[in-house]
Visitor: 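Structure below; questions to follow.
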Amino acid sequence: MFLFSIYIYVLFLYPIIKRGVFMSVRVRYAPSPTGLQHIGGVRTALFNYLFARSQGGTFILRIEDTDRERFRQDALEDLFDTMDWLGLSWDEGPITGGSCEPYVQSQRIDLYTEYAGKLVETGNAYPCYCTPERLSALRAQQEQNKSAFVGYDRHCRDLDPTDAPGGVKPVIRLKVPLDGETAFTDLLMGTITRANRDISPDPVLLKSDGFPTYHLANVVDDHLMGITHILRAQEWIPSGPLHVLLYRAFGWEAPKYCHLPMVMGHDGQKLSKRHGSTSVQEFREQGYVPEAMVNYISLLGWSWDGEREFFTREELEKLFTLEKINKAPGVFDYKKLEWFNGHYIRQKSTKELKDLIIPFLERDGVIASPPSPEEQEMVDRMIPIVRERLHLLKDVSDMTRFLFQDVALPPASEIIPKKCDAAVTADILAHAAALLEDMDTADDEVLESRFRAKADELGVKLGAMLMPVRSAVTGSKVSPPLFESLRLLGKQRVLLRMQRALDVMTSEARK
RNA sequence: GUCUCCUUCGUCUAGUGGUUAGGACACCGGGUUUUCAUCCCGGCAACAGGGGUUCGACUCCCCUAGGAGAUGCCA
């Protein structure tokens, strides 16, 4: 019976599984740890992740660290940290492991050597002994001559093995057909065709240091890891046909391709440092929350119905579809991201927001690290009045510093309300102080009507009555709602600061 | 230079032959209000251009223009 099962499996089921009929979606995010995770990479990661989740597929993380020159350990840590922060968990990859281990290319070099060797054996690739010097000289010459043909001149393509120079560690190059054309189907773009003569002339597959280039490693690993769909940025379109050629040379079936629109800066160029923050780390330091990042980025090149704009990651995991991805590149809009951020901050509970802002207050020296019990309490109490005012978490420091520290008095000109002078302002402050006798217990309405009545009596507007108090106590013309702020601070400190302002006003009035 | 891809308000986008071309951000007005913010109301603003196909094109086809990307022993 057991043998019979195996027989059935081999005869019927295995071919079907191999043809992919039952094969579920397997996608990967394959970053190169050469720098901090940036918006473009995160977008690719997100779309791959969402596609996998929406299809009940597998999301794989693979580290493409084949460039030993540019590899950075901190970049790798930043990658894990960023994925974690955004909530993009991978099913297979480093740390988690999986059935296709290892997921770090530098640990798979034997594989690439082996497969490059196969290509040489089958005549699809060849060793090239040209030195980097010769190649750069060649390129310089082509540039100078304005040559129509740019790139490697295929010098070693038909080299007799016996003529190979000794002592030179060769690279392995792909033998790209000289004639014909190669096409592949992109899920978004349709069929993309390229004449073989326009494909990069015999690109390097295996470098002289024994490491593979992206082209080889990517094709070998995607095949070995059973990747079914490749979602990557459109900057890879030109090498699509090249990869197809590689799959063919190996006799493998290529995965499906879906090239994602690029993320641009406001000037239409590929998003870079000069447009503003690009690394996720920078966004975190400014106080963006992951919900806003995920929501905004998901809408960069994708939309649900053009109307709905708020999506949690969990919702996106269900709703995401490749069909709704846009073809055209999109400009990264910092303002809209900020708007999303404000929205998600407003959604936070007191507890959540407290945990989010404390690190910023500590960082900016507004409170001690760790905060004292008094500071903890103040943070708890101030949350309701800062919540709807924050767009970026880092703004909390400037907004609430006056609650924790003594603040400098603004210049006299900023304390004196419009249409008033120093003498009147001093008068206002004196009256205001008197009105605040029971401020810690009176409610806003009572205080306000009291101030309103006094303002009428003095012949000024309510605003003119309040502004000097605001300036004196918060050190700024802009602050959270005044009465609440005063209560947070406590009568003693409030009156002290008002007295100080009053003194300045009186001496100013004597001038 | 060559090759490939792209093209709806300033920006992100909806729209798949017949719509007053819709929404959001930004911006500008107004309201609420104690400054700021939130919130509410209103406004501005787009089918790159030219040819076809069609009774009828933002929608289909062609050309032009513009933009982007690629052209590495980087990914």
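In what follows, every heavy atom counts, from backbone to side chain, and hydrogens, waters and symmetry copies are set aside. Order of the sequence lines sets the chain letters (A, B, ...), proteins ahead of strands, with each chain counted from 1. Quantities reported herein were computed from a predicted structural model and do not represent experimental measurements.
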Visitor: If you look at every strand shown and take non-hydrogen atoms under 4.0 Å, does A:Leu299 touch a base, only sugar-phosphate, or nothing?
Guide: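 Answer is sugar-phosphate: A:Leu299 comes under 4.0 Å of backbone atoms only.
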Visitor: If you only use heavy atoms from C-beta on, which nucleotide in B:G69, B:A24, B:U13 is closest to the side chain of A:Glu309?
Guide: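 Between B:G69, B:A24, B:U13, the one nearest the side chain of A:Glu309 would be B:A24.
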Visitor: Under 3.5 Å, is there any donor-acceptor pair linking the side chain of A:Lys336 to the base of B:A24?
Guide: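 Such a pair is found, so the answer is yes.
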Visitor: Is there a Watson-Crick or G-U wobble partner for B:A24 with both distances under 3.5 Å, and which nucleotide is it?
Guide: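 B:A24 is paired with B:U11.
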Visitor: Closest approach to the side chain of A:Met262, judged atom by atom: which nucleotide of B:A75, B:U11, B:G69 is it?
Guide: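 Of B:A75, B:U11, B:G69, B:G69 is nearest to the side chain of A:Met262.
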Visitor: Consider the side chain of A:Lys327, meaning its heavy atoms from C-beta on, and name the nucleotide among B:G23, B:C6, B:C3 that approaches it most closely.
Guide: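 That would be B:C6.
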Visitor: Rounded to whole Å, please give me the gap between CZ in A:Arg194 and C1' in B:U4.
Guide: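 Rounded to whole Å, this separation is 6 Å.
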Visitor: My understanding is that a pair needs two contacts under 3.5 Å, Watson-Crick or G-U wobble. By that rule, which nucleotide pairs with B:U2?
Guide: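 B:U2 is paired, partner B:A70.
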Visitor: Of all the choices, B:A24, B:C74, B:U4, which nucleotide is nearest to the side chain of A:Ile237 once you look at every atom?
Guide: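 Shortest atom-to-atom distance from the side chain points to B:U4.
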Visitor: Quick one: which of A:Asn48, A:Ile227, A:Asp221 gives a side chain to side chain contact (heavy atoms under 4.5 Å, CB included) with A:Arg28?
Guide: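 The single option meeting the side chain to side chain contact (heavy atoms under 4.5 Å, CB included) with A:Arg28 is A:Ile227.
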Visitor: So which nucleotide from B:C12, B:U35, B:A24 ends up closest to the side chain of A:Leu300?
Guide: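 So the nucleotide nearest the side chain must be B:C12.
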Visitor: Looking at A:Arg173, A:Lys175, A:Arg157, which one forms a salt bridge (charged side-chain N to carboxylate O under 4.0 Å, His left out) with A:Asp202?
Guide: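 For A:Asp202, the salt bridge (charged side-chain N to carboxylate O under 4.0 Å, His left out) check succeeds only for A:Arg157.
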Visitor: Tell me what A:Ser208 touches on the nucleic acid: a base, only sugar-phosphate, or nothing, going by heavy atoms under 4.0 Å.
Guide: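 Base, at least one base heavy atom under 4.0 Å.
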Visitor: Counting only side-chain N and O atoms of A:Arg139, is one of them less than 4.0 Å from OP1 or OP2 of B:C73?
Guide: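 It does, given that an N or O in the side chain of A:Arg139 lies less than 4.0 Å from OP1 or OP2 of B:C73.
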Visitor: By the 4.0 Å heavy-atom rule, please label A:Pro480 as base, sugar-phosphate, or nothing.
Guide: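 The residue A:Pro480 makes base contact.
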Visitor: Between A:Phe320 and A:Phe47 (judged by ring centroids, cut-off 6.0 Å), do the two rings come close enough to count as a pair?
Guide: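 Centroid separation for A:Phe320 and A:Phe47: below 6.0 Å.
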Visitor: Is A:Phe451 touching bases, backbone alone, or none of the nucleic acid, heavy atoms closer than 4.0 Å?
Guide: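 Counting heavy atoms under 4.0 Å across all strands, no contact is made by A:Phe451.
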Visitor: If the P atom of B:G18 is compared with that of B:A57, how far apart are they to the nearest Å?
Guide: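 One P to the other, the span is 12 Å.
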Visitor: In whole angstrom, give me the gap between the C1' atoms of B:C74 and B:C36.
Guide: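 Going atom to atom, C1' in each nucleotide, I get 48 Å.
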Visitor: Using a cut-off of 4.0 Å on non-hydrogen atoms, how would the nucleic acid contact of A:Gly268 be classed: base, sugar-phosphate, or nothing?
Guide: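 Sugar-phosphate only.
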Visitor: Looking at the side chain of A:Glu388, which of B:C5, B:A75, B:U38 is the nearest nucleotide?
Guide: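 Of all the options, the side chain of A:Glu388 is nearest to B:U38.
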Visitor: Parallel, tilted or perpendicular: which describes the rings of A:His215 and A:His243, with under 30° parallel and over 60° perpendicular?
Guide: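 Because their plane-to-plane angle lies in the 30° to 60° range, the rings of A:His215 and A:His243 count as tilted.
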Visitor: Quick check: closest heavy atoms across A:His266 and A:Val331, and the distance to 0.1 Å?
Guide: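 So the minimum-distance heavy-atom pair works out to CA-CG1, 3.6 Å.
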Visitor: Taking 4.0 Å as the cut-off, does a side-chain nitrogen or oxygen of A:Asn326 come that near to OP1 or OP2 on B:A14?
Guide: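 Yes, within the criterion.
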Visitor: What distance, rounded to whole Å, do you find between the two C1' atoms, one in B:G23 and one in B:U64?
Guide: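 Those two atoms are separated by 33 Å.
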Visitor: Contact class for A:Arg452 vs. all strands (heavy atom < 4.0 Å): base, sugar-phosphate, or nothing?
Guide: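 If one applies the 4.0 Å heavy-atom cut-off, A:Arg452 turns out to touch the sugar-phosphate alone, with no base involved.
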Visitor: Select base, sugar-phosphate, or nothing to describe what A:Ser476 touches, counting heavy atoms under 4.0 Å on all strands.
Guide: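 If one applies the 4.0 Å heavy-atom cut-off, A:Ser476 turns out to touch nothing in the nucleic acid.
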Visitor: Between A:Arg346 and B:C39, does any side-chain N or O lie under 4.0 Å from OP1 or OP2?
Guide: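 Yes, because at least one side-chain N or O of A:Arg346 sits under 4.0 Å from OP1 or OP2 of B:C39.
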Visitor: Which nucleotide, if any, forms a Watson-Crick or G-U wobble pair with B:G29, using both distances under 3.5 Å?
Guide: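 B:C41 - that is the nucleotide pairing with B:G29, both distances being under 3.5 Å.
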Visitor: On a whole-Å scale, what distance lies between the P atoms belonging to B:U35 and B:A68?
Guide: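 Going atom to atom, P in each nucleotide, I get 46 Å.
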Visitor: Counting the atoms with a prime plus P, OP1 and OP2 as sugar-phosphate, which does A:Pro384 contact under 4.0 Å by heavy atoms, base, sugar-phosphate, or nothing?
Guide: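 Here A:Pro384 touches no strand at all.
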Visitor: When the C1' atoms of B:U34 and B:G10 are considered, how many whole Å apart are they?
Guide: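 B:U34 and B:G10 have their C1' atoms separated by 35 Å.
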Visitor: Check the distance between B:U4's C1' and A:Phe184's CZ and give it to me in whole angstrom.
Guide: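 Nearest whole value for this atom pair: 9 Å.
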Visitor: Within this structure, what is the CG-to-C1' distance between A:Leu216 and B:A75, rounded to whole angstrom?
Guide: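 The distance from CG of A:Leu216 to C1' of B:A75 comes to 14 Å, rounded to the nearest Å.
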Visitor: Check the distance between B:C27's P and A:Asp333's CG and give it to me in whole angstrom.
Guide: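 After rounding, the reported distance stands at 10 Å.
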Visitor: For a quick check of understanding: with a heavy-atom distance under 4.0 Å over all strands, which category does A:His391 fall into, base, sugar-phosphate or nothing?
Guide: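 Sugar-phosphate contact only - A:His391 comes under 4.0 Å of backbone atoms but never of a base.
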Visitor: Rounded off to whole Å, could you give me the CZ-to-P distance for the A:Phe311 and B:C12 pair?
Guide: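 Taking CZ of A:Phe311 and P of B:C12, I get 18 Å after rounding.
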Visitor: Checking contacts here: which listed nucleotide (B:G1, B:U34, B:A68) is nearest the side-chain heavy atoms of A:Leu466?
Guide: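 Comparing B:G1, B:U34, B:A68 against the side chain of A:Leu466, the answer is B:U34.
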Visitor: Assign A:Val204 to base, sugar-phosphate, or nothing according to its heavy-atom contacts below 4.0 angstrom with the strands shown.
Guide: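 The residue A:Val204 makes sugar-phosphate contact but no base contact.
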Visitor: Roughly how far apart, to the nearest Å, are B:U13 and B:U8 at atom C1'?
Guide: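 So the two C1' atoms sit 9 Å from each other.
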Visitor: Which whole number of Å gives the distance between the C1' atom of B:G72 and that of B:U11?
Guide: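 Taking atom C1' in both B:G72 and B:U11, they lie 35 Å apart.
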Visitor: Between B:G23, B:U7, B:C5, which nucleotide gets closest to the side-chain atoms of A:Ala328?
Guide: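 Out of B:G23, B:U7, B:C5, the nucleotide with an atom closest to A:Ala328's side chain is B:U7.
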Visitor: Hey, do the aromatic rings of A:Phe483 and A:Phe451 have their centres closer than 6.0 Å?
Guide: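 Yes: the rings meet the under 6.0 Å criterion.
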Visitor: Does A:Gly301 or A:Asp267 map to a spot on RNA chain B nearer the 5' end, using the closest nucleotide for each?
Guide: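 Looking at RNA chain B, the more 5' nearest nucleotide goes with A:Gly301.
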Visitor: For the pair made of CE in A:Met382 and P in B:C36, what is the distance, rounded to whole Å?
Guide: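 Rounded to whole Å, this separation is 21 Å.
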Visitor: Pairing check on B:C36: which nucleotide meets the Watson-Crick or G-U wobble criteria with it, both distances under 3.5 Å?
Guide: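 Across all strands, not a single nucleotide pairs with B:C36.
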Visitor: Look at all strands and tell whether A:Pro329 reaches a base, only sugar-phosphate, or nothing, counting heavy atoms closer than 4.0 Å.
Guide: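 Sugar-phosphate only.
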Visitor: Can you tell me how far P of B:G67 sits from CD of A:Gln269, to the nearest Å?
Guide: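 Value for this atom pair: 10 Å.
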Visitor: Quick check for you: among B:C74, B:A24, B:G22, whose closest atom lies nearest to any side-chain atom of A:Lys207?
Guide: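 For the A:Lys207 side chain, the nearest candidate turns out to be B:C74.
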Visitor: So which heavy atom on A:Cys130 is nearest to which on A:His155, and how close?
Guide: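 Answer, listing the atom of A:Cys130 first, then A:His155: SG-ND1, 3.7 Å.
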Visitor: So what does A:Thr474 touch, heavy atoms closer than 4.0 Å: a base, only the sugar-phosphate, or nothing?
Guide: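 Counting heavy atoms under 4.0 Å across all strands, no contact is made by A:Thr474.
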Visitor: Could you tell me if the ring centre of A:His275 sits under 6.0 Å from that of A:Phe332?
Guide: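 No, the ring of A:His275 stays outside the 6.0 Å limit from the ring of A:Phe332, centre to centre.
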Visitor: Examine A:Trp304 together with A:Phe310 and report whether their ring centres are nearer than 6.0 Å.
Guide: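 Between A:Trp304 and A:Phe310, the centre distance exceeds or equals 6.0 Å.
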Visitor: Please report the interatomic distance CG(A:Asp67) to OG(A:Ser32), rounded to the nearest 0.5 Å.
Guide: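 Rounded to the nearest 0.5 Å, the CG-OG separation comes to 6.5 Å.
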Visitor: Among the candidates B:G1, B:C6, B:C25, find the nucleotide nearest to the side-chain atoms of A:Lys335.
Guide: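 Nearest listed nucleotide: B:C25.
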Visitor: Pick the C1' atom in B:U2 and in B:U20, then give their distance to the nearest Å.
Guide: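 So the two C1' atoms sit 47 Å from each other.
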Visitor: For A:Leu482, which contact category applies under a 4.0 Å heavy-atom criterion: base, sugar-phosphate, or nothing?
Guide: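 Touches a base.
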Visitor: When the nearest nucleotide of RNA chain B is assigned to A:Pro481 and to A:Tyr129 on a heavy-atom basis, which residue is associated with the more 5' position?
Guide: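 Between the two, 5'-proximity favours A:Pro481.
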Visitor: Return the value, rounded to whole Å, for the distance between atom CZ of A:Phe332 and atom P of B:G10.
Guide: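 One finds 21 Å between P of B:G10 and CZ of A:Phe332, rounded.
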Visitor: Categorize A:Arg387 for me: base, sugar-phosphate, or nothing, with a 4.0 angstrom heavy-atom threshold over every strand shown.
Guide: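 No contact.
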Visitor: Is A:Ser303 close enough to B:A14 that one of its side-chain N or O atoms is under 4.0 Å from OP1 or OP2 there?
Guide: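 Yes.
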